[in-house]
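Below is one structure, written out as structure tokens; the observations come after it.
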Amino acid sequence: MDLYDYNTVKRILSGHGFTFSKALGQNFLINPDVCPKMADSLSADEHTGVLEVGPGIGVLTKELCSVAGKVVSVELDKRLLPVLDETLAQFNNLEIVNDDVMKLDLHKLIAEKFDGCTSVKVCANLPYYITSPVIMTLLESRLPIDEIVVMVQKEAGERLCAQVGTRLAGAVTAAVNYYADSETLFDVARDSFMPSPKVDSVVIRLKVRKDEKYKVNNEKKFFTVVKSAFSQRRKTALNSISNTMGISKKDLTEIFDNLGLDLNIRAEKLLMDDFIHIAEKL
Ligand code: SAM
């Protein structure tokens, strides 16, 4: 069964009376080059567990089952379950979980499903409406995973993989950078999907650090400072933090002066250490 063939996919889906849901970010890959490249980039073996979010009709799932010891795919849309039964029937190292990835206890799922695996990785063509929330949940929960290889919209990918302190950086850039090393793997054109979205995509890799790179005493305060600094991008970081966190400009000016920071600096120019030091002084 060729899941990359437009007519085959159409036949399978109409056989199950399936119609695409835009709200669930259902754009299925039909470019045969993408999924094998994503699966290969994991360097997985028979001891590796892979967690997939949103298998769709199973194009990527199939490749993951071929390279890993165990694959668990979380799919919210229950209309896809009979489709996956048909398309992935030959794999006995696969489990489909019908649930919302944002509501699952992922610690429990990993402990239960990947017992005996020497490493666990996440690989997915993410539903675009929850790209950042999914990535941040995976990282903030400090799950026992060592890497995340995901396809995201090009613009989101540029932000996620930007260097902190550069024009493309946002709050999510600093947040990702806190937990992981990011890199862009390859671009994917919009006509690789059915139906075709309005924008191109990119596959990125986040290597989750085992050791802490940054020493932060109060993580909650650090993330509040980061979010506040970027919340009003047109304003200076000082004004943005002051307005959002309700801290007087006088106090913040003193802190910026003590840290040797330009009072007119914008959040995109601040480095990780700057955010950390500002949070420490507050
Ligand atoms: N992996 C398939 C592919 O590459 O062709 C499908 C990817 S499609 C962009 C996103 C998939 O995520 C869809 O199957 C959609 O139903 C599923 N999905 C959307 N929201 C979800 C959620 N909250 N939890 C789990 N799966 C979700």
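The structure presented is a predicted model; accordingly, all values stated were derived computationally and were not measured.
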Of the non-hydrogen atoms in [X] and [Y], which two are nearest, and what is the gap between them?
| X | Y | value |
| --- | --- | --- |
| Phe275 | Ala229 | CE2-CB, 3.8 Å |
| Lys249 | Thr253 | O-OG1, 2.6 Å |
| Leu270 | Ala237 | CD1-CB, 3.7 Å |
| Glu147 | Val149 | OE1-CG2, 4.0 Å |
| Asn125 | Asn27 | ND2-O, 3.7 Å |
| Ser66 | Phe91 | OG-CE2, 4.1 Å |

Tell me, do [X] and [Y] make a side-chain contact under 4.5 Å, heavy atoms counted?
| X | Y | answer |
| --- | --- | --- |
| Lys62 | Leu64 | no |
| Leu94 | Ser73 | yes |
| His16 | Glu86 | yes |
| Cys123 | Leu42 | yes |
| Asp187 | Ser201 | no |
| Asp146 | Val208 | no |
| Val203 | Val188 | yes |
| Tyr179 | Met136 | yes |

Within a radius of less than 6.0 Å around [atom1] of [X], do more than 12 heavy atoms belonging to other residues, nucleotides or ligands occur?
| X | atom1 | value |
| --- | --- | --- |
| Asp115 | CG | no |
| Lys235 | NZ | no |
| Lys227 | NZ | no |
| Arg142 | CZ | yes |
| Glu140 | CD | yes |

Test item: [X] side-chain N/O and [Y] main-chain N/O as donor-acceptor pair under 3.5 Å:
| X | Y | result |
| --- | --- | --- |
| Thr87 | Ile57 | yes |
| Ser240 | Ser228 | yes |
| Lys121 | Ala44 | no |
| Asn243 | Asn239 | yes |
| Asn98 | Val74 | no |
| Asp274 | Leu271 | yes |
| Asn93 | Ala68 | yes |
| Arg190 | Pro197 | no |
| Thr173 | Arg159 | yes |
| Arg209 | Ala180 | yes |

Could you pull out all residues at least two apart from Arg79 that satisfy side-chain contact (heavy atoms from CB on, under 4.5 Å)?
Phe18, Thr19, Ser21, Gln26, Asp77
Interatomic spacing from [atom1] in [X] to [atom2] in [Y] - rounded to 0.5 Å:
| X | Y | atom1 | atom2 | answer |
| --- | --- | --- | --- | --- |
| Lys269 | Thr236 | NZ | OG1 | 14.5 Å |
| Leu206 | Leu160 | CG | CG | 6.5 Å |
| Met102 | Thr137 | CE | OG1 | 3.5 Å |
| Gln90 | Cys65 | CD | SG | 8.5 Å |
| Leu109 | Leu104 | CG | CG | 6.0 Å |
| Leu60 | Met151 | CG | CE | 7.5 Å |

Would Glu95 and Lys70 count as a side-chain contact (heavy atoms from CB on, under 4.5 Å) if you check the C-alpha gap in whole Å, the side-chain angles of each, and the deciding distance to 0.1 Å?
CA-CA 8 Å; Glu95 213 175 307; Lys70 169 108 194 247; 3.2 Å; yes
Test side-chain hydrogen bond (donor to acceptor under 3.5 Å, both in side chains), reference Tyr178, set Glu219, Lys213, Glu212, output is Glu219
When you group the ILVMFWY residues by side-chain heavy-atom contacts below 4.5 Å and let the links chain together, are [Y] and [X] in the same group?
| X | Y | result |
| --- | --- | --- |
| Val97 | Val50 | no |
| Val172 | Val199 | no |
| Tyr128 | Leu138 | no |
| Leu84 | Met194 | yes |
| Ile30 | Val202 | no |

Test ring pair (Phe, Tyr, Trp, His ring centres under 6.0 Å) applied to Tyr214 and Phe222, step by step
CA-CA 11 Å; Tyr214 302 103; Phe222 165 74; 7.7 Å; no
Between Glu268 and Arg167, does a salt bridge (Lys or Arg N to Asp or Glu O under 4.0 Å) hold up when you go through it step by step?
CA-CA 6 Å; Glu268 65 200 41; Arg167 190 179 50 83; over 6 Å; no
Please determine whether side-chain contact (heavy atoms from CB on, under 4.5 Å) holds for the pair Leu252 and Met245, giving the CA-CA distance in whole Å, both sets of side-chain angles, and the decisive distance to 0.1 Å.
CA-CA 11 Å; Leu252 264 178; Met245 291 181 73; over 6 Å; no
Check against side-chain contact (heavy atoms from CB on, under 4.5 Å), Phe256 and Ile278
CA-CA 8 Å; Phe256 271 54; Ile278 295 168; 3.9 Å; yes
Would you mind checking if Lys37 and Glu63 are paired as a salt bridge, meaning a charged N to carboxylate O distance below 4.0 Å?
no
Given side-chain contact (heavy atoms from CB on, under 4.5 Å), test Val59 with Phe28 step by step and report yes or no.
CA-CA 8 Å; Val59 261; Phe28 296 167; 5.7 Å; no
